[in-house]
Asks: 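This is the structure I have questions about; it appears just below.
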Protein chains: 2
Amino acid sequence: MNLKRLQAFRAVYETGSVTAAARRLHMTQPAVSRLIGDLEKELGLQLFARQRQRLVCTEDGRSFFHEAERALAAVDQIVDIARDIRTLKGQQF
Amino acid sequence: MNLKRLQAFRAVYETGSVTAAARRLHMTQPAVSRLIGDLEKELGLQLFARQRQRLVCTEDGRSFFHEAERALAAVDQIVDIARDIRTLKGQQF
DNA sequence: AAATCTTACGGGTGACGTAACGATC
DNA sequence: GATCGTTACGTCACCCGTAAGATTT
């Protein structure tokens with residue numbers, strides 16, 4: 001598993017397009033497209049249905065998103081906690 | 001942030017040694033040692049105190065571990081969920 | 001034709017294992 | 001001297017951006 005892939009998935013899920021997700025992530029479209037494809041291959045699930053020029057989230061994608069968001073939130077919290085600890089340390093002097 | 005670093009941290013925390021953690025992770029000792037060092041550098045925190053031939057978890061390390069474990073559990077759950085979805089799909093046929 | 005997603009390709013960064021070193025039991 | 005953790009070094013895979021292709025509006 002890989003955090004970047006999860007972050008890309010969240011961005012595409014929320015924006016509904018690879019282009020918008022790439023903008024949010026400060027990346028190019030091909031890079032985001034690959035991350036999604038790699039994640040689908042790793043999971044063995046089709047998270048998005050390629051219809052026309054848009055990626056429509058599948059039923060599996062929606063089920064997966066709920067859990068993925070929890071994991072990403074937990075990881076984000078880790079960084080916050082670390083910063084809090086550092087700040088606390090700094091105040092001790 | 002990086003999942004491998006967190007997994008290495010958990011393994012060292014629970015086993016109390018780099019060697020045991022490396023065995024559990026199917027990696028070499030230097031690789032695990034680097035992951036721990038990289039994580040500490042990234043967080044700006046000293047997670048373990050190098051005493052004698054053992055790594056003793058610091059106060060900061062213990063505080064951080066609680067949150068890290070939650071994140072890792074959430075990630076582990078993702079994989080499980082994905083497998084469940086695949087299994088369910090398979091049963092539909 | 002402009003926009004979107006995907007695939008191909010080359011370059012740079014990072015991770016790993018082996019080897020070597022210092023310290024401890 | 002055996003074990004443990006760290007550092008050095010060479011190699012290899014992975015990830016990204018640019019370029020090119022296919023499809024849609």
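Lettering follows sequence order; numbering is per chain, from 1.
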Asks: Rounded off to whole Å, could you give me the CZ-to-P distance for the Arg50(B) and dC21(C) pair?
Replies: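 Going from CZ in Arg50(B) over to P in dC21(C) covers 22 Å.
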Asks: For the pair Arg70(A) and Asp76(B), find out whether any cationic side-chain nitrogen is under 4.0 Å from an anionic carboxylate oxygen.
Replies: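 Between Asp76(B) and Arg70(A) there is no salt bridge, as every charged N stays at least 4.0 Å from the carboxylate O atoms.
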Asks: Taking the nucleotide of DNA chain D with the nearest heavy atom to each, does Ser33(B) or Pro30(A) sit closer to the 5' end?
Replies: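 Going by which nucleotide is closer to the 5' end, it is Ser33(B).
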Asks: If you take atom types as modelled and just measure distance, does the side chain of Arg34(A) reach the base of dG17(D) with a donor-acceptor pair under 3.5 Å?
Replies: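 Result: at least one qualifying N/O pair found.
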Asks: Figure out the CG/P separation between Leu3(B) and dC14(D), and round it to whole Å.
Replies: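 Atom-to-atom, Leu3(B) to dC14(D), this comes out as 16 Å.
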Asks: When the distance from CG of Asn2(A) to P of dA13(D) is rounded to whole Å, what number comes out?
Replies: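 About 18 Å, once rounded to whole Å.
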Asks: Which whole-number value in Å describes the distance from Leu55(A) CG to dT24(D) C1'?
Replies: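 Going from Leu55(A) (CG) to dT24(D) (C1'), I get 14 Å.
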Asks: Rounded to whole Å, how long is the line connecting atom CD1 of Ile36(B) with atom P of dA15(C)?
Replies: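 Checked: the CD1 to P distance equals 13 Å.
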Asks: When you measure from the side chain of Ser17(B), which nucleotide among dG5(D), dC16(C), dC5(C) comes out closest?
Replies: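 The listed nucleotide nearest to Ser17(B)'s side chain is dG5(D).
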Asks: Using 0.5 Å steps for rounding, measure from the CG atom of Leu6(A) to the CE atom of Met1(A).
Replies: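 Reported to 0.5 Å precision, the distance equals 5.5 Å.
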Asks: With nearest nucleotides of DNA chain C determined for Asp38(B) and Gln29(B) from heavy-atom distances, which residue corresponds to the more 5′ nucleotide?
Replies: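 That would be Asp38(B).
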Asks: Taking the minimum atom-to-atom distance to the side chain of Gln53(B), which one of dC16(D), dT6(C), dT3(D) wins?
Replies: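 My answer, after comparing the listed nucleotides, is dT3(D).
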Asks: Does this structure show an ion pair linking Arg5(B) with Glu42(B), if we count only N-O contacts that are shorter than 4.0 Å?
Replies: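 Yes, Arg5(B) and Glu42(B) are salt-bridged.
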Asks: Nearest whole angstrom, please: distance from the P of dC4(D) to the CZ of Arg23(B).
Replies: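 Computing the Arg23(B):CZ to dC4(D):P distance gives 7 Å.
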Asks: Of all the heavy-atom pairs spanning Thr15(A) and Ala21(A), show the shortest one and how long it is.
Replies: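 Smallest heavy-atom distance, with atoms named: OG1-N, 3.6 Å.
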Asks: CG of Leu47(A) versus P of dT6(C): gap in Å, rounded?
Replies: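 In whole Å, dT6(C) P and Leu47(A) CG are 12 Å from each other.
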Asks: Starting at NZ of Lys4(A) and ending at C1' of dA13(D), how long is that distance when rounded to a whole Å?
Replies: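 These atoms are roughly 14 Å apart.
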